[in-house]
Amino acid sequence: FINHLMLPKVNYQYFISYLGLVPFIFIIINKYFLFTINEDISRQFIFHYSIIILVFIGATNWNLSKKISSLITIYGFLPSLFAVVMIILNLFNFTFNYLILSIIIFFCVQLLIDYLYIYLSTQEKKPFISLRFPLTLLIIICLILIIQ
């Protein structure tokens, strides 16, 4: 029945991925306009939320339905290892802005390696161009606005 209503076809993976920006946007709005959430809580939330995204992106490179190369397995694991190191540094009160800067750098490196290793050799670049690149860029911009 719904298909007969002439609704535009929506790619829910893209839609849900872009919804992941809402917490960043909310924290930025709160930081510059609302002032309702304690800044330390906002910073810790964004730190942990960014780590979750990094690990999720790494996990998307795993295809459990088939045997993948050891290199892809290690590459998919690196964000988890990086996340553990970042959490430990955070627990030891490492400078917050350095932690976020490290996360930004990791996002950039991850984006570059994803492009070179996954998307460069394929004709289908739409997921990279319309999802992976813009989302990473928007997350980086949000993180920069948050640490200002």
Side-chain angles (χ1 to χ4, degrees), residues 2 5 7-65 68 71-148:
I2 293 177
L5 295 177
L7 295 174
K9 199 171 193 174
V10 175
N11 184 327
Y12 290 105
Q13 290 171 314
Y14 282 51
F15 179 72
I16 290 169
S17 294
Y18 276 99
L19 276 179
L21 291 172
V22 170
F24 289 106
I25 294 167
F26 180 76
I27 294 296
I28 290 169
I29 290 171
N30 182 73
K31 177 180 174 127
Y32 291 103
F33 303 107
L34 301 177
F35 314 107
T36 58
I37 301 173
N38 177 289
E39 187 169 346
D40 289 334
I41 292 172
S42 294
R43 294 174 124 202
Q44 288 301 311
F45 173 78
I46 285 302
F47 170 79
H48 289 94
Y49 187 66
S50 298
I51 293 292
I52 289 169
I53 292 171
L54 280 173
V55 172
F56 176 78
I57 292 169
T60 60
N61 293 317
W62 290 36
N63 184 346
L64 299 177
S65 65
I68 58 175
L71 184 61
I72 293 285
T73 302
I74 292 168
Y75 177 62
F77 167 74
L78 285 178
S80 298
L81 180 61
F82 176 77
V84 169
V85 170
M86 289 290 100
I87 290 169
I88 290 169
L89 290 173
N90 188 46
L91 289 172
F92 283 103
N93 295 319
F94 200 76
T95 305
F96 179 78
N97 285 358
Y98 291 148
L99 292 174
I100 296 299
L101 182 60
S102 298
I103 290 171
I104 289 170
I105 291 168
F106 197 92
F107 270 120
C108 291
V109 169
Q110 192 179 45
L111 180 69
L112 179 64
I113 293 173
D114 278 2
Y115 180 76
L116 294 174
Y117 195 74
I118 297 168
Y119 294 102
L120 186 62
S121 62
T122 182
Q123 295 293 331
E124 183 55 38
K125 292 183 179 28
K126 183 180 179 199
F128 184 83
I129 293 169
S130 60
L131 184 68
R132 184 71 172 83
F133 179 75
L135 271 177
T136 300
L137 184 63
L138 289 170
I139 289 169
I140 289 169
I141 291 168
C142 289
L143 288 172
I144 290 169
L145 288 172
I146 289 167
I147 64 172
Q148 294 282 342

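- Heavy-atom minimum distance, Lys126 versus Ser130: O-OG, 2.6 Å.
- The shortest distance between side-chain heavy atoms of Tyr98 and Leu89 does not fall below 4.5 Å.
- If you take CZ on Phe47 and CD1 on Ile52, they are separated by 10.5 Å, rounding to the nearest 0.5 Å.
- Sorted by first and then second residue, the salt bridge (Lys or Arg N to Asp or Glu O under 4.0 Å) pairs involving residues 130-142 (not counting sequence neighbours) are Asp114-Arg132.
- Residue Phe35 places its CZ atom among more than 12 non-hydrogen atoms of other residues, nucleotides or ligands, all under 6.0 Å distant.
- Tyr75 places no side-chain N or O within donor-acceptor distance of the main-chain N or O of Gly58, the cut-off being under 3.5 Å.
- The line from CD1 of Ile141 to CD1 of Ile146 is 12.0 Å long, rounded to the nearest 0.5 Å.
- Each of Ile139, Leu143, Ile46, Ile140 was compared with Ile103 under the side chain to side chain contact (heavy atoms under 4.5 Å, CB included) criterion, and only Leu143 meets it.
- Between the OG atom of Ser50 and the CZ atom of Phe106 there is a distance of 12.5 Å, given to the nearest 0.5 Å.
- In this structure the side chain of Ser42 never reaches within 4.5 angstrom of the side chain of Lys31, judged on heavy atoms.
- Side-chain contact between Cys142 and Ile28: present, with at least one pair of heavy atoms (C-beta onward) separated by less than 4.5 Å.
- Across Gln148 and Ile144, no two heavy atoms sit closer than the pair CG-O, 3.0 Å.
- Of the possible polar contacts, none joining the Thr95 side chain to the Asn97 backbone as a donor-acceptor pair under 3.5 Å is found.
- Summarising the geometry, atom CG belonging to Leu137 is positioned 8.5 Å from atom SG belonging to Cys108; distances are rounded to the nearest 0.5 Å.
- For OH of Tyr32, the number of neighbouring non-hydrogen atoms (other residues, nucleotides, ligands) closer than 6.0 Å is greater than 12.
- Considering CG of Asn90 and CZ of Phe96, their distance stands at 8.0 Å, rounded to 0.5 Å.
- Taking CG of Leu101 as the reference point, atom CD1 of Ile105 lies at 4.0 Å (rounded to 0.5 Å).
- Tyr49 meets the side-chain contact (heavy atoms from CB on, under 4.5 Å) test with Pro23, Phe24, Phe45, Ile53; sequence neighbours excluded.
- Applying the side-chain contact (heavy atoms from CB on, under 4.5 Å) criterion to Tyr115, with sequence neighbours excluded, gives Tyr119, Leu120, Lys125, Phe128.
- For the residue pair Ile129 and Pro134, the shortest heavy atom distance occurs at O-CD, 3.2 Å.
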